[in-house]
Amino acid sequence: MDRIDDFVAERLWLQVVLSALLAPALIMVISPGESPAAVLLRVGAATVTGAFVVAARQRKERRATGATATGVRSLERRLRSGEPPTDPAERSAMRRLVDERLHRTRHAAAALVGLSLMFAAVAVLAAVTAGARQGFGFAVFTVVFVGWLSRYGSLQRRRLRAMREALGPAAGPGPDTEGGAGRAVPPA
């Protein structure tokens, strides 16, 4: 499974193609009365937006770690396996990656609550306007998606905290230790 994850993670275009192929089929099953052109237009816009967001996130992580795209993927594999790097440069890059991700996910609980409320509202509105079948479909999707998102997010934060502990404190004062993720703290 890791080889498939790595293969797809290395190819943003493949993620875009898979999204563009699978999402319309799912939407057509949930909302069979919708026109295929409207579905394709909506999925296309969401796919392009998602690709830009992922590319920007990858660029930020490369900048934060000072590593290439391959280097960031190597750090990601080590993070998933829980194996801290032994090379001092890699340890520093891993520390910056962990700090960047922990900083980015600091409001995860509030975001999950907001997302849950928004999905629940969509499920209720779908039931009221489109019918019980669509409302039930969105309710099931909401429970599954928010449950998966909560579990996966918790796992990721647990991995990040465990890696931060495994790396220990940075060797000396600097952007790694004070500001986190390469952000220097101004002198007092």
* Intermediate values then yes/no, salt bridge (Lys or Arg N to Asp or Glu O under 4.0 Å), R80 and E76 -> CA-CA 6 Å; R80 272 190 264 142; E76 174 66 34; 3.6 Å; yes
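The ring-ring contact (aromatic ring centres under 6.0 Å, His included) check on W13 picks up nothing, with sequence neighbours excluded. Not a single salt bridge (Lys or Arg N to Asp or Glu O under 4.0 Å) links R164 to another residue, sequence neighbours left out.
Annotation for A64 and E100: closest pair CB-OE1, 4.1 Å, computed over non-hydrogen atoms. Residues P32 and Q134 share a closest heavy-atom pair of CD-NE2, 3.7 Å.
Atom CZ in R62 sits 13.0 Å away from atom CG in L75 (nearest 0.5 Å). In this structure, E90 CD and L167 CG are separated by 11.0 Å, a value rounded to the nearest 0.5 Å. Separating the NZ atom in K60 from the CG atom in L97 is a distance of 13.5 Å, to the nearest 0.5 Å. One finds the CG atom of L117 at 11.0 Å from the OG1 atom of T142 (value rounded to the nearest 0.5 Å). Once rounded to the nearest 0.5 Å, the distance linking CD of Q156 with CG of L102 reads 10.5 Å. Remark: R78 CZ to M94 CE distance equals 7.0 Å, nearest 0.5 Å.
Taking 4.5 Å as the limit, some side-chain heavy atom of L115 sits within range of a side-chain heavy atom of F145. R101 has its side chain within reach of L79: a pair of non-hydrogen atoms, C-beta onward, lies under 4.5 Å apart.
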Which pairs would a plain distance check flag for residues 33-57, meaning a side-chain donor or acceptor within less than 3.5 Å of a matching protein atom at least two apart in sequence or in another chain?
| from | atom 1 | to | atom 2 | distance (Å) |
| --- | --- | --- | --- | --- |
| E34 | OE2 | R42 | NH1 | 2.9 |
| E34 | OE2 | R42 | NH2 | 3.1 |
| S35 | OG | A38 | N | 3.2 |
| T47 | OG1 | S19 | OG | 3.3 |
| T47 | OG1 | V43 | O | 2.7 |
| T49 | OG1 | A45 | O | 2.8 |

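Salt bridge annotation for E165-R161: absent, with no cationic side-chain nitrogen under 4.0 angstrom from a carboxylate oxygen. Comment: E61 engages R104 in a salt bridge, judged by a side-chain N to carboxylate O separation of less than 4.0 angstrom.
At least one donor-acceptor pair under 3.5 Å links the side chain of S116 to the backbone N or O of L112.
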